[in-house]
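Below: one structure, written as C-alpha cells.
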Amino acid sequence: MRRLVAVVVALGAAAVLVALVGLPLYVFPARDEPREVDAVYVIGPPTDPRMELAESMIDDGLTDTMVVSLAEAAYDAGERAKRPEAVQICEEPQDFTVYCSQPDPFTTRGEARWMRELIDENGWESVAVITTTPHLTRTRVIMERCWDGDIAYVSSGEHLDPWYWGYHYAYQSAAFVKVWLEDGC
C-alpha cells in the first residue's frame, strides 16, 4: 500500500510540474498585438476565429495580403463545412491579395518553409502569423529558423475547452521534442 501511495504522489507531483512548466509555453506565451505588416498568415487549421482576425487586420488597413494554409481536404464536401471562412476567402474574388495552398509537408515546419518562399518571391519585410495560443511558442521557434525577419505572433483568442488544453499540453510537448531533434528550416 505504501508503494502505491508513493507512486500516486510521484505521478501527481510530475503532473503538477508539467502543468507549471507548460504555463509560460502554452497558456501565457509571448504574443504580439496585430500591427502593420506586409502579409498576415493564417496557419492551419484556418479556423473561423483565425480567419476573422486576419480579415479584421485587412479591414483595419494593417495589410493588404492574406496567406492561408489550407489542406486540400478542405475542398471536399465533408471538410468544407468545417472551414467556411477559409474556403470563401480562397475561392471567391477578394479586394486584397490572397495566397491559399497546402504546404508540403502539411506541418508547422512546412508552413514556415512556404512562408519563406513567399517572402523571397514578394520581397516582404514583415509578416503576422496567426495561430491558437498554445501553438504560439513552438510556431515562433520554427518560423524563426526559416526567417530572421520581422514576424508578429498573434493569438487567435480561440476558446479551448479544458480537455483541449490537456490535448495541447501533450501534443505541443511531443512536437517540441521533434523540433529539438530537427536542424534548420
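Values reported hereafter were calculated over all heavy atoms of this structure, with side chains retained and with hydrogens, waters and symmetry mates removed.
Counting only distance, with no hydrogens or angles, the side chain of Ser155 and the backbone of Gly157 share a donor-acceptor pair below 3.5 Å.
The two residues Val98 and Ile89 have their closest heavy-atom pair at CG1-CG2, 3.9 Å. Across Trp114 and Cys100, no two heavy atoms sit closer than the pair CH2-C, 4.0 Å. Between Arg109 and Gly184 the shortest heavy-atom distance is NH2-O, 3.6 Å. When all heavy atoms of Pro46 and Met51 are compared, the closest pair comes out as O-CG, 3.7 Å. Across Met66 and Ile58, no two heavy atoms sit closer than the pair CE-CD1, 3.7 Å. Residue Leu160 comes nearest to Thr132 through the heavy atom pair CD1-OG1, 3.9 Å, listed as atom of the first residue, atom of the second, then distance.
Taken to the nearest 0.5 Å, the CD atom of Gln172 stands 6.5 Å off from the OH atom of Tyr26. Cys146 contributes atom SG, which lies 10.0 Å from atom CD of Glu117 (distance to the nearest 0.5 angstrom). Here Tyr171 contributes atom OH and Phe176 contributes atom CZ; the two are 12.0 Å apart, rounded to the nearest 0.5 Å. Interatomic distance, OG1 of Thr107 versus CZ of Arg113, reported as 7.0 Å (0.5 Å rounding). Atom CD1 of Ile43 and atom OG of Ser69 lie 7.5 Å apart (nearest 0.5 Å).
Side-chain contact between Leu25 and Tyr169 is absent, with no heavy atoms from C-beta onward closer than 4.5 Å. Looking at Val37 and Glu125, their side chains never come closer than 4.5 Å, going by heavy atoms from C-beta outward. Between Met57 and Glu36 the shortest side-chain heavy-atom distance does not fall below 4.5 Å. For the pair Leu118 and Val67, the minimum side-chain heavy-atom distance is below 4.5 Å. You'll find the side chain of Val87 stays beyond 4.5 Å of the side chain of Glu85, heavy atoms only. Between Thr131 and Tyr153 the shortest side-chain heavy-atom distance does not fall below 4.5 Å. Counting heavy atoms from C-beta on, the side chains of Pro45 and Arg83 come closer than 4.5 Å. Residues Arg145 and Val179 form a side-chain contact, since some pair of their non-hydrogen atoms from C-beta on lies under 4.5 Å apart.
The environment of CZ in Phe28 is sparse: at most 12 heavy-atom neighbours from other residues, nucleotides or ligands sit within 6.0 Å. Enclosure of atom CD in Glu33 is not indicated, since only 12 or fewer non-hydrogen atoms of other residues, nucleotides or ligands lie within 6.0 angstrom. By the 6.0 Å contact criterion, CZ on Phe106 is enclosed, its count of non-hydrogen atoms from other residues, nucleotides or ligands being greater than 12. Within a 6.0 Å sphere centred on CG of Asp120, other residues, nucleotides and ligands contribute more than 12 heavy atoms.
Connection of Leu70 to Tyr99 is not established within any shared hydrophobic cluster, with ILVMFWY side chains joined at heavy-atom distances below 4.5 Å, either directly or through further cluster members. Under the 4.5 Å side-chain heavy-atom criterion for ILVMFWY residues, no single connected hydrophobic cluster contains both Val42 and Leu136. Val40 and Val127 sit in two unconnected hydrophobic clusters of ILVMFWY residues. Membership requires side-chain heavy atoms under 4.5 Å apart, directly or through other members.
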Task: Val27 vs Thr133, side-chain contact (heavy atoms from CB on, under 4.5 Å): CA-CA, chis, key distance, verdict - done: CA-CA 7 Å; Val27 181; Thr133 300; 6.0 Å; no

Open item on the list: Go through it in stages, so that I can follow the logic: the residues are Arg35 and Asp150, the test is salt bridge (charged side-chain N to carboxylate O under 4.0 Å, His left out), and I'd like the CA-CA distance, side-chain angles, deciding distance and then a yes or no.
Closed with: CA-CA 11 Å; Arg35 60 179 166 81; Asp150 181 15; 2.6 Å; yes

TODO: May I have the step-by-step check of side-chain contact (heavy atoms from CB on, under 4.5 Å) for Asn122 and Asp38, ending in yes or no?
DONE: CA-CA 9 Å; Asn122 294 288; Asp38 294 321; over 6 Å; no

- [ ] In sequence, state the C-alpha distance, the side-chain angles, and the governing distance for Thr47 and Arg50, and then conclude on side chain to side chain donor-acceptor pair (under 3.5 Å).
- [x] CA-CA 5 Å; Thr47 61; Arg50 295 177 204 189; 3.3 Å; yes

TODO: Evaluate the criterion side chain to side chain donor-acceptor pair (under 3.5 Å) for residue pair Asp161 and Tyr167; output intermediate values, then yes/no.
DONE: CA-CA 10 Å; Asp161 292 323; Tyr167 164 80; over 6 Å; no

TODO: For Arg140 and Asp32, run side-chain contact (heavy atoms from CB on, under 4.5 Å): C-alpha distance rounded to whole Å, both residues' side-chain angles, the deciding distance at 0.1 Å, then the answer.
DONE: CA-CA 11 Å; Arg140 179 182 303 271; Asp32 300 301; 4.1 Å; yes

Open item on the list: Is there a side chain to side chain donor-acceptor pair (under 3.5 Å) between Thr139 and Thr108? Walk through the geometry before answering.
Closed with: CA-CA 7 Å; Thr139 297; Thr108 306; 5.1 Å; no

Open item on the list: side-chain contact (heavy atoms from CB on, under 4.5 Å) for Cys185 and Trp147? Distances and angles first, verdict last.
Closed with: CA-CA 8 Å; Cys185 183; Trp147 189 54; over 6 Å; no

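Screening Phe96, Tyr41, Trp124 for a side-chain contact (heavy atoms from CB on, under 4.5 Å) with Thr65, the sole residue that qualifies is Trp124.
One finds no salt bridge joining Asp148 and Arg116 here, because no Lys/Arg side-chain nitrogen approaches an Asp/Glu carboxylate oxygen to under 4.0 Å.
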